[in-house]
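So you know, we letter chains A, B, ... as the sequences are listed, proteins then strands, and number each from 1.
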There are 2 protein chains.
Amino acid sequence: MTKPDLGEDPLALDRQVCFALSVASRAVVGIYRPLLEPLGLTHPQYLVMLALWERSPRSVKDLGASLQLDSATLSPLLKRLEAYGHLTRTRSAADERVLTVELTATGRALREKALAIPYAVVERLGMELADLQDLHAALTNVIEAAAGKSA
Amino acid sequence: MTKPDLGEDPLALDRQVCFALSVASRAVVGIYRPLLEPLGLTHPQYLVMLALWERSPRSVKDLGASLQLDSATLSPLLKRLEAYGHLTRTRSAADERVLTVELTATGRALREKALAIPYAVVERLGMELADLQDLHAALTNVIEAAAGKSA
DNA sequence: TACGATTAGATCGTACACAAACTGATGGTG
DNA sequence: CACCATCAGTTTGTGTACGATCTAATCGTA
């Protein structure tokens, strides 16, 4: 296996790809920030709510698998969402190790306000839907490549 | 202007570009982590070093513009890199407000070890270079769209 | 030239993200 | 049944991010 040709300055190219990913991620989260502010949610909290709007109740482990986050990150985050009244945290009766996370009525109601967000983001970005779909496909490739290796 | 068609569930997690972006960013940074560990650098610190290997000395503001980071993030980060002996932080004589950041010999020497990283990352990802270039193009689009709007 | 506005960084408070160590609960095996 | 490995989640410590506020230096202009 020969070294792939990364050009005369491999560090410059590297700067472009890994760096573009970090910057793009922060830039897009930055677009969500003012849109999420009226809902009182941070972007990670919004992602947790999205996961719960899809399925509730579910365990912390299950949420972590969906969001690719470990429990050390989710634990305090879920406590905050509980404090806001969006969800409840209960130990499962069947298995006391498992923490069952379930939306409250307030948490479910918040979904109505959230429905406007994807449209607002797309409009704010001013990008073609096709471009966004290309990006999504490319990102899915990377995620699979990055995660698939460790398995 | 009509609402763009985002499908029947605009909140579907797996269609959210923002989610893919966050996960991909974390996944790729995770690939760098074990590669950067022997250099004693975190990924953000590595990005700062990349910027300095391209040009040094330069001001904090200049670094911030390059990396899209504000001084609240850079200040402590640069202090750590200074503590490791990779750079010096000096007030500019011409304008006392400006902090001049400059690589030390140690910091410049670290570049040799870093040269292997881009190859290792590409190999670890196992993706085609063309795919990575597509990704980079798509990311550049988003960054421009996201940042350009706020201007 | 005095002075308010601007600028470059630093500091503080809050919220992720992740490694490592820890606590209980569960399950398999002798 | 006893015991140990495993598992779910929590806690702790470190390092980003970012808004808000602060300080000191500089600039613009009346």
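Between C:dG9, C:dA20, C:dT26, one nucleotide has an atom nearer to the side chain of A:Ala72 than all others, and that is C:dA20. In this structure, the nucleotide among C:dA10, D:dT12, D:dG9 sitting nearest to the side chain of B:Arg89 is C:dA10. Closest approach to the B:Asp70 side chain among C:dC16, D:dC18, D:dT11 is made by D:dC18 (side chain taken as heavy atoms from C-beta onward). Relative to the side chain of A:Thr73, the nucleotides C:dA17, D:dC18, D:dG9 differ in distance, and C:dA17 lies closest. Of the candidates C:dC16, D:dA17, D:dG9, the closest approach to any side-chain atom of A:Leu99 belongs to D:dG9. The side chain of A:Leu69 approaches C:dC18 more closely than any other nucleotide in the set C:dT26, D:dA8, C:dC18. Checking C:dC12, C:dC18, C:dG9 against the side-chain heavy atoms of B:Arg91 singles out C:dG9 as nearest.
At whole-Å resolution of the value, CG in B:Asp62 and C1' in C:dA8 are 13 Å apart. Separating the CD1 atom of B:Ile31 from the P atom of C:dA17 is a distance of 18 Å, rounded to the nearest angstrom. Put simply, CZ on A:Arg58 is 12 Å from P on D:dG9, counting in whole angstrom units. Taking atom CG of B:Leu77 as the reference point, atom P of D:dC18 lies 13 Å away to the nearest angstrom. In this structure, A:Arg80 places its CZ atom 11 Å from P of C:dT14, rounding to the nearest Å. Look at CG on B:Leu78: it is 13 Å from C1' on D:dT16, rounded to the nearest Å. For the pair A:Leu41 CG and C:dC16 C1', the interatomic distance rounds to 14 Å; values are reported in whole Å. For the pair B:Arg97 CZ and C:dT7 C1', the interatomic distance rounds to 5 Å; values are reported in whole Å.
Not one side-chain nitrogen or oxygen of B:Lys79 sits closer than 4.0 Å to the OP1 or OP2 atom of D:dG15. Contact annotation: B:Lys61 does not reach the phosphate of C:dT6 (side-chain N/O to OP1 or OP2, under 4.0 Å). Of the side-chain N and O atoms in B:Arg33, none sit less than 4.0 angstrom from OP1 or OP2 of D:dT16. Distances shorter than 4.0 Å separate none of the side-chain N or O atoms of A:Gln45 from OP1 or OP2 on C:dA15.
Between A:Glu82 and A:Arg89, at least one side-chain nitrogen of the basic residue sits less than 4.0 Å from a carboxylate oxygen of the acidic one, meeting the salt-bridge criterion.
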Full working for side-chain hydrogen bond (donor to acceptor under 3.5 Å, both in side chains) between B:Asp95 and B:Ser92: CA-CA 5 Å; B:Asp95 184 340; B:Ser92 157; over 6 Å; no
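Counting distance only, with no hydrogens placed and no angle test, the side-chain atoms of A:Thr42 and the base atoms of C:dA15 include no donor-acceptor pair under 3.5 Å.
B:Arg111 contributes atom CZ, which lies 15.0 Å from atom NE2 of B:His86 (distance to the nearest 0.5 angstrom).
Where A:Val60 and B:Tyr84 meet DNA chain D, the nucleotide closest to each residue was compared, and A:Val60 sits on the side nearer the 5' end. Comparing A:Ala27 and B:Ser92 against DNA chain D, the residue whose closest nucleotide sits nearer the 5' end is A:Ala27. For the pair A:Pro76 and A:Ala93, both in contact range of DNA chain C, the more 5′-proximal nearest nucleotide belongs to A:Pro76.
With A:Phe19 as the fixed residue, the side-chain contact (heavy atoms from CB on, under 4.5 Å) test singles out one of B:Ile143, B:Leu50, B:Leu139, B:Leu47: B:Leu47.
A:Leu74 and A:Val48 make their closest contact through CD2-CG2, 4.0 Å (heavy atoms, listed as atom of the first residue, atom of the second, distance).
Residue B:Glu128 qualifies as open at atom CD: its count of foreign heavy atoms under 6.0 Å is 12 or below.
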